[in-house]
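Everything below concerns the one structure shown next.
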Amino acid sequence: MRRTRILTAVLALAAGLLSGAPTALAADPPAPKLAADTYTWKNARIDGGGFVPGIVFNRSEKNLAYARTDIGGAYRWQESSKTWTPLLDSVGWEDWGHTGVVSIASDSADPNRVYAAVGTYTNSWDPKNGAVMRSADRGASWQKANLPFKLGGNMPGRGMGERLAVDPNRNSVLYLGAPSGKGLWRSTDSGAGWSQVANFPNVGNYAQDPSDTSGYASDNQGIVWVTFDESTGTAGSATRTIYVGVADKDNAVYRSTDAGATWQRLAGQPTGHLAHKGVLDAKNGYLYLAYSDKGGPYDGGKGRLWRYATGTGTWTDISPVAEADTFYGFSGLTVDRRKPGTVVATAYSAWWPDTQIFRSTDSGATWSKAWDYTSYPNRENRYTMDVSSSPWLTWGANPQPPEQTPKLGWMTEALEIDPFNSDRMMYGTGATVYGTENLTNWDSGGKFAIRPMVQGLEETAVNDLVSPPSGAPLLSALGDIGGFRHTDLTKVPSMMFTQPNFTTTTSLDFAESNPNTVVRTGNLDSGPHIAFSTDNGANWFAGTDPSGVSGGGTVASAADGTRFVWSPEGAGVHHTTGFGTAWQASAGIPAGAIVESDRVDAKTFYGFKSGKFYVSTDGGATFKESPASGLPGGDSVRFKALPGGKGDVWLAGGAADGAYGLWHSTDGGASFTKLSNVEQADTVGFGKAAPGASYQTLYTSAKIGGVRGVFRSTDKGASWTRINDDAHQWGWTGAAITGDPRVYGRVYVSTNGRGVLYGDSSGGGGTTEPGPGPDPTPTGACEVTYKITSQWSGGFQADVRLTNTGTRPWTGWSLAWTFTDGQKLTQAWNAEAAQSGSTVTAKNVAWNANVAAGSSVSFGFTASRSDTNAKPGAFKLGEQTCAVA
């Protein structure tokens, strides 16, 4: 469920994310020379995990669909594999807010074009304005139009929409509904430029809680949807009739009949509710509207469904139940484009016992329900559910009737019937995307089958990560769904952490010399906030809270697992021996301190608060303030002690207006040395040492050499290798990072909405970057792997891997090939690429020039194509012909 994600993720953002601006330094140190390694990045599979407020099908091309998430970017459906492909991984650290997608629009006149309105918060939590991203290759690459106001992909009302729409007759025209009283906006040049529609009469007035001083719940939710009546235009001419939904309970729907020149409040409309959706059935001449008394996605106690006849102006209440019998609002709304008159709607805010889905085949005159009571509390379902692909969706629960597990859903604001297939419907919930491919069984008295349709869509906010030296390779602390034990990174775990089920896990640790002992802390509305495991996180039991605990905070396990130190919210730092049955207050350390343990000495623990470092040598009973100075003054800090190295501590963090970077202590925190070659750092972690190295590999999310990225060092921070690239940035990665102690080069990276990413090296180690030179002419054997990763009408995307199969390293490279079917290069990443005639030449960029013997470098590109798209048959590295894998 998404409520905790707003609170916990935003608090983290407010404390740390805003420090992502460049550090103000009196004199910048010399920029270090950087190496680069080619990494393969994948998600540790969870499948889903967060709220999906929007699903959009293209109206002119089969199987082309998009999903938007509130903090985790946008995705495109891949029909061949029944998976989702992430589209906004290139969003960088400085633009982290652009991973929140408030609306998405697919151009039916030109299916290659897709648009995303991005921005996460409209208040001060997000320092940047929103933008409209536009793509001519289905999201493989993007251009951005910055807006003069903020957008709120994770704000109240985010399930209403869609706020962004493309004119189906003249696709250079788009409309965008803005929040915060900014009105209605229009583009006439395919999203490149935007201007306010000055004569639109209503900017909205509804706020969830006008008294909220944070600006989160008090923001005016504004213009919430735009719908075109495609029947009132012809190809090439602007559509004349446009409907717009406004967050105003008395004036919710406006219309223009002259292509936006003038606007009028739709006469006779119902009042007292907000119109969450407006969906037009142009064939029957009906505009369907889903109303709720609140903006959602959590709240809503009353609602109605209405139908507006566009030809006569007649309004008809088509609600499936009397208003007195509703305890929810309506939001999810779709029509069957192949069977006019078929309408489906959701009771999005029916939390208990379950959401409800309603279906009508006679334009709303009569309805049937997805489930109904036989004799209370027993119910009969018109559907079956199979969550074997995401078994954690049962939450390990055993509810009493009428509640069931898995639930049909909650926060069900996204709902779409495939316009080419009446049997396929997808809908979003607070944790997944569900779908069916035999929906019409509903009408014949049979049962339709629901299952998750979410593979590839990873939308968890990650708070902490650990990789023990034995047992499961990865344990995670997540917002909203607690966390998981991954024994196989390529498979969805059977269940999240249970007994207890924290809504959000805030901290994780294990005993370094006894990895079967694990501890986690988290948030729970009622119940304990700490849990322990003695089998490496497979099973858990609850501990006992000290008095006053209100949240999870941070926790540390002694190296041997015999004692623990806990710094919860609502109470000061405490320590215990055994498994948390008798906590005692720790002396000498302030409440709210971050706590960690020495990974060798079982009685040594560390803490940090407001620029001060604290050390305990008596098992956490008493702490002493370290004399170390020059550390970051705020609390946006993360630190860890090195496994196997007593008193070896690394600390990362800071803020742009003060100390910011990476520090190292070898005397148990008595003193710290700041690394001069790291400008900013927000996380630090350790992994298996490189072959021949005596010190463990360091990993950090940092700014080094003027570049923000994920970095690796195999020489205690003397030099650094960037291991991600501009196509793989994932917004904010500042919460946690850890290497794998068993696999050299493997790293686990936290994101705020894209789940847990793990990367594996191609095998090349970090070397000093000498620069590519003017004309790279490597010698020796080479091999090329050319893979088309995505293909659509008129275009495709490909990845190329170039391997040095010789015995000498390259200090630069230039690869050439010939297209035989008229393909034309449109964009490339991780290489400088150009095309002359049919010949394409791709050269290294500065950070990936070095390719050691036996190592590889990868780059990708998009290109246009005709009906055929043959792969190149030959590749040349300078004058050397490469083998083709």
Side-chain angles (χ1 to χ4, degrees), residues 55-65 105-109 111 161-162 165-169 225-235 239-245 253 255 257 266 269 275-291 304-320 330-346 357-370 382 414-427 435-446 448:
I55 298 170
V56 173
F57 278 88
N58 187 276
R59 295 273 297 277
S60 64
E61 182 175 314
K62 290 182 179 180
N63 301 320
L64 179 57
S106 179
D107 185 345
S108 292
E162 292 287 322
V166 183
D167 189 322
N169 291 301
W225 52 264
V226 178
T227 297
F228 289 92
D229 184 346
E230 64 267 28
S231 69
T232 64
T234 57
T239 300
R240 297 191 62 78
T241 299
I242 312 162
Y243 297 91
V244 173
V253 186
R255 178 175 63 181
T257 57
L266 210 55
Q269 65 182 272
H276 275 227
K277 300 281 194 307
V279 177
L280 184 74
D281 177 356
K283 289 186 178 180
N284 280 342
Y286 288 138
L287 176 69
Y288 297 96
L289 298 113
Y291 285 88
R304 310 304 291 149
L305 292 177
W306 283 83
R307 185 183 71 205
Y308 175 74
T310 60
T312 64
T314 302
W315 288 89
T316 304
D317 185 342
I318 59 169
S319 304
F330 293 96
S331 183
L333 183 65
T334 185
V335 298
D336 187 338
R337 303 291 174 184
R338 301 184 68 82
K339 295 183 177 181
T342 297
V343 190
V344 182
T346 66
I357 303 177
F358 302 91
R359 180 174 172 90
S360 172
T361 56
D362 53 13
S363 302
T366 60
W367 296 86
S368 56
K369 300 178 182 179
R382 290 180 180 267
L415 177 77
E416 290 294 326
I417 296 175
D418 186 335
F420 293 93
N421 182 355
S422 298
D423 271 317
R424 177 155 68 180
M425 181 179 74
M426 296 182 186
Y427 67 97
T436 178
E437 293 184 315
N438 62 347
L439 178 62
T440 57
N441 280 10
W442 184 327
D443 304 327
S444 60
F448 60 99

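This structure is a prediction, so every number in the text was calculated from the model and none was measured.
Nearest heavy atoms, Thr234 versus Asn169: O-CB, 3.4 Å. Here the closest non-hydrogen pair linking Leu266 and Tyr308 is CD1-OH, 3.7 Å. Nearest approach of Tyr427 to Leu415, heavy atoms of both residues: CB-CD1, 3.6 Å. Asp281 and Gly341 make their closest contact through OD2-N, 3.5 Å (heavy atoms, listed as atom of the first residue, atom of the second, distance). Between Ala109 and Pro168, the shortest heavy-atom distance links the atoms CB-O, 4.2 Å. Contact between Val279 and Arg337 at its shortest, heavy atoms only, is CG1-NH2, 3.9 Å.
A donor-acceptor pair is defined here as one N or O able to donate and one able to accept, closer than 3.5 Å; such a pair exists between the side chain of Thr232 and the backbone of Thr241. A donor-acceptor pair under 3.5 Å is formed between the side chain of Ser360 and the backbone N or O of Asp362. Judged by distance alone, the side chain of Thr310 and the main-chain N or O of Gly285 form a donor-acceptor pair under 3.5 Å.
Side-chain contact between Trp225 and Glu162 is absent, with no heavy atoms from C-beta onward closer than 4.5 Å. No side-chain heavy atom of Thr227 sits less than 4.5 Å from a side-chain heavy atom of Ile242. Looking at heavy atoms from C-beta onward, Arg307 lies out of side-chain contact with Trp315 at the 4.5 angstrom threshold. Annotation: side chain of Ser331 is in contact with side chain of Lys277 (closest heavy-atom distance under 4.5 Å). Looking only at side-chain heavy atoms (C-beta outward), Val253 and Leu289 come within less than 4.5 Å of each other. Residues Tyr288 and Ile318 form a side-chain contact, since some pair of their non-hydrogen atoms from C-beta on lies under 4.5 Å apart.
Annotation: the span from Leu287 atom CG to Asp229 atom CG amounts to 9.0 Å, rounded to 0.5 Å. To the nearest 0.5 angstrom, Leu305 atom CG is 7.0 Å from Leu333 atom CG. Atom CD of Glu230 is separated from atom CG of Asp167 by 10.0 Å, given to the nearest 0.5 angstrom. Interatomic distance, CZ of Arg382 versus CG of Asn441, reported as 11.5 Å (0.5 Å rounding). With values rounded to the nearest 0.5 angstrom, Ser363 atom OG is found 5.0 Å from Asn284 atom CG. Taken from CD1 in Ile55 to CE in Met425, the straight-line distance is 9.5 Å, to the nearest 0.5 Å.
Looking at Thr436 and Asn438, their side chains do bring a donor and an acceptor atom within 3.5 Å of each other. There is no side-chain donor-acceptor pair under 3.5 Å between Arg240 and Thr257. Checked by atom type, the side-chain pair Thr361/Lys339 shows no donor-acceptor distance below 3.5 Å. Looking only at atom types and distance, the side chain of Trp442 has a donor-acceptor partner in the side chain of Ser368 under 3.5 Å away.
When the side chain to side chain donor-acceptor pair (under 3.5 Å) test is applied to Arg424, the partners found at least two apart in sequence or on another chain are Asn63, Glu79, Asp418. Every residue two or more places apart in sequence or in another chain was checked for a side chain to side chain donor-acceptor pair (under 3.5 Å) with Trp367, and none qualifies. Partners of Pro111 by side chain to side chain contact (heavy atoms under 4.5 Å, CB included), not counting sequence neighbours, listed by chain and number: Asn58, Ser60, Glu61, Leu64, Arg138.
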Check your understanding: What do the steps show when you test Val344 against Ile417 for side-chain contact (heavy atoms from CB on, under 4.5 Å), and what is the final call?
Key -> CA-CA 8 Å; Val344 182; Ile417 296 175; 3.8 Å; yes
Point to revise | Full working for ring pair (Phe, Tyr, Trp, His ring centres under 6.0 Å) between Phe358 and Phe330 | key: CA-CA 10 Å; Phe358 302 91; Phe330 293 96; 5.8 Å; yes
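The cationic group of Arg304 does not satisfy the cation-pi geometry with Tyr291, failing either the under 6.0 Å distance to the six-membered ring centre or the 45° limit from the ring axis.
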